[in-house]
2 protein chains.
Amino acid sequence: MAVTIKDVAKIANVAPSTVSRVIANSPRISERTKEKVREAMKELGYHPNFNARSLANKSTKTLGLIMPNSATKTFQNPFFPEVIRGISTKAHQLEYGLYLSTGQSDDEIFEEVQDMVQGKRVDGIILLYSKVNDKVMNYLYNEKFPFSVIGRPYDVEMKEITYVNNDNFKAAKTVTEYLLLLGHERIAFIGGNLETVVTLDHMEGYKKALTNAGIEPKKEYVVFHEELQEGGQEAVIDLMSLSERPTALIVADDIMTFGVMRMLSEMEVRVPDDISIISFNNVMISELSSPPMTTVDINIFSLGYEAANCLIEKILNPETKPKHVIIPHKMIKRQTCQRIVKRLTKQ
Amino acid sequence: MAVTIKDVAKIANVAPSTVSRVIANSPRISERTKEKVREAMKELGYHPNFNARSLANKSTKTLGLIMPNSATKTFQNPFFPEVIRGISTKAHQLEYGLYLSTGQSDDEIFEEVQDMVQGKRVDGIILLYSKVNDKVMNYLYNEKFPFSVIGRPYDVEMKEITYVNNDNFKAAKTVTEYLLLLGHERIAFIGGNLETVVTLDHMEGYKKALTNAGIEPKKEYVVFHEELQEGGQEAVIDLMSLSERPTALIVADDIMTFGVMRMLSEMEVRVPDDISIISFNNVMISELSSPPMTTVDINIFSLGYEAANCLIEKILNPETKPKHVIIPHKMIKRQTCQRIVKRLTKQ
DNA sequence: TTGAAAGCGCTAACAC
DNA sequence: GTGTTAGCGCTTTCAA
């Protein structure tokens, strides 16, 4: 049997409650007894039992992380390790642990979240994705359970939710404007999952920039694909089959861009000579594409770090008003965008 | 206050212990009362309290995952999401939860592991890395705490440890032989962290194949770099500065290969015409390099899945003998290897 | 087949 | 400052 608080108490010649107070570093305990108790703890190699503590405390000091359902390969995006690294860093500073969801389907995940919440397994929850009409988010909201979202809630009345996001609308708009300035007019947009809020925001920004420039967004120039790698490749096929090929591509995700570039090179379409590309995220490997891709750095680490920060704040002080943190983004110009060269364009 | 077993008991008109038995689905309870109790549970929206349960039970139904210290960027390797997906899948099947380490340094991680173990926060632990002389592994071993390792222990006397690994020696040997057969003789090896067991195994396999072929392994042809991206790039600089440039490269990790290829293309060294490359892992994006890389698929998902499997087995039955699972690997030929073309080689 | 009661290891209210 | 004691919500003997 493991060593308990009682064992320590006996050795140190004090009451169990005193030991408990020493653990909590209560100021009402004399330095002398603290010393005595700490010695006893060290001597016995005492470590507090988490479950007992949580039970008595009603606090687990752990955060639940909810991933998108891992049945899809979404999870393989290097985006996730990086957000988690951000979350982990903050959590670790404040001595919180991390508990991971394992559900494969939306229903399973919902079940899991319920268990976590009602079973008091975690003190708060971070949603690592944000999609429209999310059952989990609604549940958490109704239960008034502390949580924060990476991305943003889609439904307007939900402004009472704490979230950490980029200004994805603006980012997409800027990026489109940039291509416009480079002389491109036939700009296509390759988006991810249409149920994802970020995709929607990107698309809005893209369209806004076009209409501002007096260009009517064309339906054929907007395609969506769920799967990251194959998606990028299929999108290219769709787009390159058009009679009027786009001269520039805005791609929702760097990994997708790898697929896009792969397929393009197979078709012997040169980047950026024949077509310009710009994408989002700036994950670690982005700079390693050939040529290195121009992309928008969304500061993934900070997204995670802040999400953890806001959440813990809310846990510690339930009165905290909902916060909306916008992490700044930054265009990273590398080598996949080029001023358009006018040549045998039919018209 | 949340709904407890007592509330359910009251509504169902039974004793709390009966409710507990229904939860455990004890065969000694009549179907009639089971029904009654289940109805009451549903009516109240009852979910058992994890901490109370773990405390009474001495079982948490959760596995601890220990990552390499995330201070380094190691963690960004898409390898990790994929192992975790494997672990997660198995864990989920058997209704285990996942608890993540957050430590940034080796010392912090060691502390954390101690807390997890002694604090009964998890029932078992999976080490997601394996390095030489690992303090954590030694601790776990001495405590006789259930754990499994992805990779393998380095010290021989530790054959009593359960691990899931590839035959990395063989893989590296085969790969080297393959290049030899393609006519290459100046084959370089770009390894990762030298404290990592897999790196060591790779190197042994590489050397073995060379000496078997009567080629003396050259010191200058073996370089190591910790950082994945920059590492690959620096390695290329080192190697390409040699008076006798290698004609083929064996790279420890696909992500590193991206860096390698990037730098090569900057130097206008063509792959595979001027130099062949083969690497390890076959992570998701590997097929998206330009040209797509030849690599060894190590079945990352299975590594995780089996590690979880073995661990849970051991938790459920502590008498289980240590297991050593070898996950098969498979060379995926794509477009970065070519038969060598003899030309103005100085000699 | 079910109930009563003790106890898992810790915290916190209340005493002194 | 420190001890006593009553739980936290569940499981598990032991009785019936």
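These numbers were taken from a predicted model, which means no experiment stands behind them.
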Check your understanding: Is the count of non-hydrogen atoms from other residues, nucleotides or ligands lying under 6.0 Å from B:E143 atom CD greater than 12?
Key -> yes
**Study point:** A:K6 NZ to D:dG3 C1', straight-line distance once rounded to whole Å
**Key:** 14 Å
Check your understanding: B:K36 NZ to C:dT2 C1': how many Å, rounded?
Key -> 10 Å
Exercise for review: Rounded to the nearest angstrom, tell me the gap between atom CG in A:D7 and atom C1' in C:dC10.
Suggested key: 13 Å
Review point. Strictly by modelled atom types, are A:T33 and A:S30 linked by a side-chain donor-acceptor pair under 3.5 Å?
Key: yes
Check your understanding: Using the ring of each side chain (for Trp, its six-membered ring), is B:F110 parallel, tilted or perpendicular to B:Y139, with breaks at 30° and 60°?
Key -> perpendicular
Exercise for review: Check whether any side-chain N or O of A:R53 sits under 4.0 Å from OP1 or OP2 of C:dG9, and answer yes or no.
Suggested key: no
Practice item. Whole angstrom is fine here: how far is it from NZ in A:K61 over to C1' in C:dC10? Key: 16 Å
Check your understanding: Quick one, which residues of residues 9-34 of chain A touch DNA chain C with a heavy atom under 4.0 Å?
Key -> A:S17, A:S20, A:R21
Practice item. For the residue pair A:Y129 and A:D134, confirm or rule out a side-chain donor-acceptor distance under 3.5 Å. Key: yes
Point to revise | A:R152 to A:Y163 six-membered ring, cation-pi geometry met (6.0 Å, 45°) | key: no
**Study point:** For atom CG of B:L55 and atom P of C:dC10, their distance in whole Å
**Key:** 9 Å
Exercise for review: Please round to 10 degrees the angle between the axis of the first five pairs and the axis of the last five pairs in the helix from C:dT1-D:dA16 to C:dC16-D:dG1.
Suggested key: 40°
Exercise for review: Start with the C-alpha gap between B:V14 and B:K36, add the side-chain angles, then the distance that decides, and say whether side chain to side chain contact (heavy atoms under 4.5 Å, CB included) holds.
Suggested key: CA-CA 9 Å; B:V14 295; B:K36 212 170 47 178; 4.2 Å; yes
**Study point:** Euclidean distance, atom NZ of residue B:K120 to atom C1' of C:dG7 [Å, nearest integer]
**Key:** 16 Å
Review point. What is the distance, rounded to the nearest whole Å, between atom CD1 of A:I5 and atom P of C:dT11?
Key: 5 Å
**Study point:** Residue A:N57, side-chain atoms from C-beta onward, closest of C:dC8, C:dA12, C:dC10
**Key:** C:dA12
Point to revise | Near-strand residues of residues 37-50 of chain A, defined as heavy-atom separation under 4.0 angstrom from DNA chain C | key: A:Y46, A:P48, A:N49
Point to revise | A:D123 versus A:Y96, side-chain donor and acceptor atoms under 3.5 Å | key: no
**Study point:** Intermediate values then yes/no, side chain to side chain contact (heavy atoms under 4.5 Å, CB included), A:R121 and B:N51
**Key:** CA-CA 7 Å; A:R121 200 167 188 145; B:N51 302 301; over 6 Å; no
Review point. Given D:dT11, is OP1 or OP2 found less than 4.0 Å from the side-chain N or O atoms of B:K58?
Key: no
Exercise for review: Side-chain contact test, heavy atoms from C-beta onward, threshold under 4.5 Å: evaluate it for A:M116 versus A:I66 and give yes or no.
Suggested key: yes
Review point. Between the main-chain N or O of B:Y305 and the side-chain N or O of B:N309, is there a donor-acceptor pair closer than 3.5 Å?
Key: no
Review point. Do B:K34 and B:N25 meet the criterion of a side-chain donor-acceptor pair at a distance under 3.5 Å?
Key: yes
